[in-house]
Amino acid sequence: MKKGQLDLFENKFDLKDGKLVVAHIIVAFIALLIGGIAGLLQTLVKSGTVKLPYGIGYYELLTAHGVLMAIVFTTYFIIGFLYSGISYTLGGKLLPIVNRMGWLGFALMTVGTALGVAMVLTGKASVLYTFYAPMKASPYFYIGLALLVVGSWISGWGIFYQLKYWKKTHQGKISPLFAFMAVITFLMWQIATIGVAAEVLIQLIPWSFGWVETINVMLSRTLFWYFGHPLVYFWLMPAYMCWYVIIPKIIGGKIYSDALARLSFILLLLFSIPVGFHHQLMEPGISSFWKYLQVVLTFMVVVPSLMTAFSLFATFEINGRAKGAKGLFGWIKVMPWKDVRFFAPFLGMLIFIPAGAGGLINASNQMNAVVHNTLWVTGHFHLTVATSVALTFFGITYWLLPAVTGRVLTKRMNKLGIIQTIIWCVGMFFMSGAMHLVGLFGAPRRTAFTTYEGNADAASWMPYYVFMAIGGTILFIGVLLMVYNVFALLRAPKGVTEYPIGEAMEQAEATPAYLDRWSVWISLSVALILIAYTVPLMDMIMHPGVGSKGFIT
Ligand code: HAS
Ligand code: HEM
Ligand code: CU
């Protein structure tokens with residue numbers, strides 16, 4: 001064991017780095033709490049149970065919910081989690097400069113978040129988390145977003161720098177799997193956020209300050225979805241990191257294949273960006289050929305998820321057989337069901353099966369015509385990001401916070417964690433289930449309570465809205481319990497908690513070095529993006545049509 005490296009079983013997580021991790025996690029869960037209040041109110045408004053007081057608009061609420069949940073909760077959690085793993089697997093602690101970059105990124109992100117959320121809560125940015133033009137927000141909302149993105153870049157560069165340093169001091173060695181995955185995640189983020197940075201800086205900010213009068217709506221939506229789809233993989237990849245690297249260790253098994261895990265992340269990097277048009281299938285202004293091409297690529301990006309499913313089943317089954325399990329499903333009996341560090345992410349995996357199937361339906365052009373802009377889509381992403389990803393993040397929290405603060409997970413906290421997971425799944429069953437069903441009947445997303453002047457179809461949606469509200473209420477109890485758990489974990493008894501990093505199976509083939517060759521993968525990724533986007537983007541820029549003025553809801 002080299003100096004400066006850690007022994008896996010005697011975890012001495014660098015507590016100085018731990019502070020940086022904890023800061024990120026705390027902001028994430030404050031966002032979950034406020035976003036949860038908004039979410040609960042949305043379900044109550046939609047079902048006609050409450051009317052919003054003090055002139056609060058429904059869009060104001062929904063913007064707060066979308067931004068706090070989908071952007072703030074996720075990004076902070078991800079950076080906190082990835083920094084912890086980078087510190088642990090790349091030398092045992094962060095380089096001083098990387099620690100400082102982490103704090104600088106955190107500071108910029110927090111200033112940006114505070115500014116953006118202040119605009120939303122004062123009703124000056126009711127433009128939803130996708131901030132589609134021509135809905136117009138205060139320029140300070142967009143500036144807040146820009147700061148959030150720039151802050152996340154600096155944090156990402158910190159991760160790159162730590163790996164570069166590690167490679168220099170470990171010549172000829174392949175990077176640890178966790179670090180490799182963290183770098184891919186942030187590479188993808190780096191390439192994807194260029195789209196939204198361009199939209200915000202070149203289009204939205206000048207337009208919202210009034211320096212230009214109109215905006216090219218088609219172009220802005222395309223730049224948004226160039227970023228918006230990889231955004232959902234930016235949430236998913238850290239969850240996959242837990243499934244691939246952490247879960248095998250927690251169940252006492254091994255990683256099925258290091259090489260397969262790396263390959264799946266490379267495929268995610270290649271195919272998650274040039275697919276934004278699957279969010280724009282119903283939009284005019286993009287020719288069907290380019291939509292078709294991006295749908296083909298969308299089905300390609302499903303492949304690494306199928307590889308992930310295969311690999312997880314293999315880990316579970318081999319681990320089960322090693323422990324004496326027999327038959328096709330004998331492994332199920334030997335899983336550590338009473339351990340929340342396994343239980344919460346496992347339910348996330350299980351729910352990802354219907355969640356992913358819904359995605360395949362969305363991506364099919366003809367079926368997209370049925371579900372687009374209905375509550376079906378809202379149901380889809382409450383399964384993907386708000387359950388598979390969120391439950392995995394919750395599951396991580398139960399060992400991460402103790403590990404980085406020098407504490408232990410008590411039996412009582414473990415039990416509360418199991419209860420929290422069950423509450424979440426029950427609440428989501430009702431809420432997302434009702435959303436999926438009523439969406440198929442045509443109920444639109446992003447609407448407050450309305451009877452459409454007594455329309456009979458709309459009246460038939462009401463019972464589903466009531467189920468959504470019941471689910472939303474149960475989920476809100478889950479949010480409260482989770483936030484309680486986070487603060488209780490921060491005051492848990494002192495002790496040593498292992499940072500659970502799995503190892504590959506002995507029989508697994510050696511990882512081929514070309515998987516670690518970044519220049520090849522980055523070039524391929526850029527090439528695919530250019531193929532998928534150059535012609536349609538040129539078209540939108542050369543034939544901008546009539547620009548739109550801004551609208552304030
Ligand atoms: Fe999606 C809309 C297509 C995955 C999130 N998606 C959204 C929106 C969000 C979102 C937020 O093509 C709404 C954006 C908005 O506001 O307008 N999505 C897909 C496809 C996939 C997919 C093809 N989405 C995700 C993930 C998300 C996410 C992941 C967040 C984390 N989505 C769409 C489309 C739209 C869309 C259209 C636009 C709809 C519209 O019209 O507006 C795929 O990547 C899914 C692949 C996944 C699988 C599942 C693999 C299963 C695994 C689990 C294994 C389990 C085990 C346990 C081992 C094929 C890995 C087993 C245990 C046992 C006991 C059995
Ligand atoms: C939208 C409820 C948790 C992300 C919605 C809507 C409802 C809702 C009712 C749809 C409103 C509409 O279309 O009119 C809840 C409740 C939650 C919860 C009750 C738990 C207490 C989450 C979590 C995430 C999330 C954990 C992500 C991590 C979103 C997003 C939207 C949304 C991105 C779309 C906003 C938009 O269309 O602009 N939520 N949700 N939600 N939710 Fe949640
Ligand atoms: Cu997508």
Side-chain angles (χ1 to χ4, degrees), residues 31-32 35-46 58-59 61-63 65-71 73-74 127-130 225 228-236 239-240 243 272 275-282 295 298-299 301-313 315-316 329 331-332 335 346-365 368-369 371-378 380-390 393 424 427-428 431 435 444-448 465 468-469 471-479:
L32 183 82
I37 298 171
L40 171 68
L41 286 172
Q42 281 151 219
T43 61
L44 296 178
V45 169
K46 280 178 103 79
Y58 185 74
Y59 265 27
L61 205 61
L62 192 53
T63 310
H65 179 73
V67 169
L68 284 165
M69 291 300 206
I71 300 179
F73 165 66
T74 50
V127 290
L128 307 183
Y129 85 110
T130 45
W225 284 115
H229 183 80
L231 170 67
V232 317
Y233 281 90
F234 178 66
W235 307 328
L236 183 68
Y240 274 10
W243 299 358
S272 64
V275 297
F277 285 173
H278 70 227
H279 293 267
Q280 298 176 278
L281 292 175
M282 296 300 122
V295 164
T298 301
F299 280 90
V301 79
V302 173
V303 173
S305 287
L306 296 176
M307 286 164 61
T308 304
F310 170 79
S311 173
L312 292 167
F313 275 116
T315 293
F316 294 157
F329 290 106
W331 54 269
I332 294 179
M335 298 298 235
F346 183 84
L347 282 174
M349 293 175 202
L350 198 64
I351 290 168
F352 199 50
I353 297 173
L360 299 180
I361 292 173
N362 298 344
S364 313
N365 185 57
N368 188 267
V371 300
H372 183 61
N373 275 343
T374 70
L375 276 169
W376 164 280
V377 175
T378 319
H380 161 69
F381 61 73
H382 279 88
L383 288 189
T384 53
V385 62
T387 310
S388 296
V389 171
F393 288 0
W424 199 266
M428 205 50 96
M431 189 175 89
M435 284 171 168
R445 63 186 283 201
R446 297 180 157 174
T447 47
Y465 289 163
M468 274 167 55
T473 310
I474 300 172
L475 275 168
F476 184 65
I477 297 171
V479 167

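Positions are given from 1 along the sequence. What you see is a predicted model, and the numbers here were worked out from it, not measured in a lab. One-based numbering, in listed order, for ligands and for the atoms of each.
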For [X], atoms of ligand 2 separated by under 4.0 Å from a heavy atom:
{"X": "Ala70", "answer": "33 (C)"}
{"X": "Met431", "answer": "2 (C), 15 (C), 16 (C), 19 (C), 40 (N)"}
{"X": "Val479", "answer": "21 (C)"}

Over 60° means perpendicular and under 30° means parallel, so tell me whether [X] and [Y] are parallel, tilted or perpendicular.
{"X": "Trp243", "Y": "Phe352", "result": "perpendicular"}
{"X": "Phe73", "Y": "Phe393", "result": "tilted"}
{"X": "Trp225", "Y": "His279", "result": "parallel"}

Between [atom1] of [X] and [atom2] of [Y], what distance do you get to the nearest 0.5 Å?
{"X": "Leu375", "Y": "His380", "atom1": "CG", "atom2": "NE2", "answer": "14.0 Å"}
{"X": "His372", "Y": "Asn365", "atom1": "NE2", "atom2": "CG", "answer": "11.0 Å"}
{"X": "Leu475", "Y": "His382", "atom1": "CG", "atom2": "NE2", "answer": "8.0 Å"}
{"X": "Met307", "Y": "Tyr240", "atom1": "CE", "atom2": "OH", "answer": "10.5 Å"}
{"X": "Ile71", "Y": "Thr130", "atom1": "CD1", "atom2": "OG1", "answer": "9.0 Å"}
{"X": "Tyr129", "Y": "Leu68", "atom1": "OH", "atom2": "CG", "answer": "13.5 Å"}

Measure across [X] and [Y] and return the closest heavy-atom pair with its distance rounded to 0.1 Å.
{"X": "Ser305", "Y": "Leu236", "value": "OG-CD2, 4.4 Å"}
{"X": "Tyr465", "Y": "Lys46", "value": "CD1-O, 3.5 Å"}
{"X": "Leu383", "Y": "Met428", "value": "CD2-CG, 4.3 Å"}
{"X": "Thr63", "Y": "Val127", "value": "OG1-N, 3.5 Å"}
{"X": "Ser272", "Y": "Pro230", "value": "O-CD, 3.5 Å"}
{"X": "Ala386", "Y": "Trp424", "value": "O-NE1, 2.8 Å"}

Measure the distance from [atom] to every protein heavy atom, then report the residue, atom name and distance (to 0.1 Å) of the closest one.
{"atom": "atom 8 (C) of ligand 1", "answer": "Phe381 CD2, 3.5 Å"}
{"atom": "atom 63 (C) of ligand 1", "answer": "Leu350 CD1, 3.4 Å"}
{"atom": "atom 2 (C) of ligand 1", "answer": "His279 CE1, 3.4 Å"}
{"atom": "atom 10 (C) of ligand 2", "answer": "Thr378 CG2, 3.6 Å"}
{"atom": "atom 3 (C) of ligand 1", "answer": "Gly359 O, 3.3 Å"}
{"atom": "atom 20 (C) of ligand 2", "answer": "Leu475 CB, 3.7 Å"}
{"atom": "atom 27 (C) of ligand 2", "answer": "Met69 CB, 3.5 Å"}
{"atom": "atom 48 (C) of ligand 1", "answer": "Gly356 CA, 3.7 Å"}
{"atom": "atom 28 (C) of ligand 1", "answer": "Thr384 OG1, 3.4 Å"}
{"atom": "atom 26 (C) of ligand 2", "answer": "Ala386 CB, 3.7 Å"}
{"atom": "atom 58 (C) of ligand 1", "answer": "Leu312 CB, 3.6 Å"}
{"atom": "atom 9 (C) of ligand 2", "answer": "Thr43 CG2, 3.5 Å"}
{"atom": "atom 12 (O) of ligand 1", "answer": "Ala363 CA, 2.9 Å"}

Taking [Y]'s backbone N and O only, do any of them form a donor-acceptor pair with [X]'s side chain (distance below 3.5 Å, no angle check)?
{"X": "Trp235", "Y": "Ala390", "result": "no"}
{"X": "Thr387", "Y": "Thr384", "result": "no"}
{"X": "Thr43", "Y": "Leu40", "result": "yes"}
{"X": "Asn368", "Y": "Asn362", "result": "yes"}

Test of proximity, [X] against ligand 1: N or O pairs below 3.5 Å:
{"X": "Thr298", "result": "no"}
{"X": "His372", "result": "yes"}
{"X": "Asn368", "result": "yes"}

Any idea which part of [X] is under 4.0 Å from ligand 2, heavy-atom wise: side chain, backbone, both or neither?
{"X": "Thr447", "answer": "backbone"}
{"X": "Tyr58", "answer": "side chain"}
{"X": "Leu40", "answer": "backbone"}
{"X": "Met435", "answer": "side chain"}

Do any heavy atoms of Phe381 fall under 4.0 Å from ligand 2? yes

Shortest reach to [atom] by a heavy atom, considering only [options]:
{"atom": "atom 29 (C) of ligand 1", "options": "Phe352, Tyr233, Trp235", "result": "Phe352"}
{"atom": "atom 25 (C) of ligand 2", "options": "Lys46, Met428, Gln42, His65", "result": "His65"}
{"atom": "atom 53 (C) of ligand 1", "options": "Met349, His382, Arg445", "result": "Met349"}
{"atom": "atom 34 (C) of ligand 1", "options": "Asn362, Val389, Thr387", "result": "Asn362"}
{"atom": "atom 1 (C) of ligand 2", "options": "Arg445, His382, Arg446", "result": "His382"}

Hey, is there an N, O or S on His380 sitting under 2.8 Å from atom 1 (Fe) of ligand 1? yes

Apply side-chain hydrogen bond (donor to acceptor under 3.5 Å, both in side chains) to the pair Thr447 and Tyr58, showing each step before the final yes or no. CA-CA 8 Å; Thr447 47; Tyr58 185 74; over 6 Å; no

Does ligand 1 have any atom that is closer than 4.0 Å to a heavy atom of [X]?
{"X": "Trp376", "result": "no"}
{"X": "Phe329", "result": "no"}
{"X": "Val301", "result": "no"}

For ligand 1, which atoms, with element, lie under 4.0 Å from some heavy atom of Phe346? 62 (C), 64 (C)

Give the atom numbers and elements of ligand 1 that come within less than 4.0 Å of a heavy atom of Trp225. 14 (C), 15 (C), 17 (O)

Do Asn373 and Pro444 make a side-chain contact, defined as non-hydrogen atoms from C-beta onward lying under 4.5 Å apart? no

Region of Tyr129 engaging ligand 1 - heavy atom pairs below 4.0 Å: side chain

What are the protein N, O or S atoms, given as residue plus atom name, that sit under 2.8 Å from the Cu ion (ligand 3)? His229 ND1, His278 NE2, His279 NE2

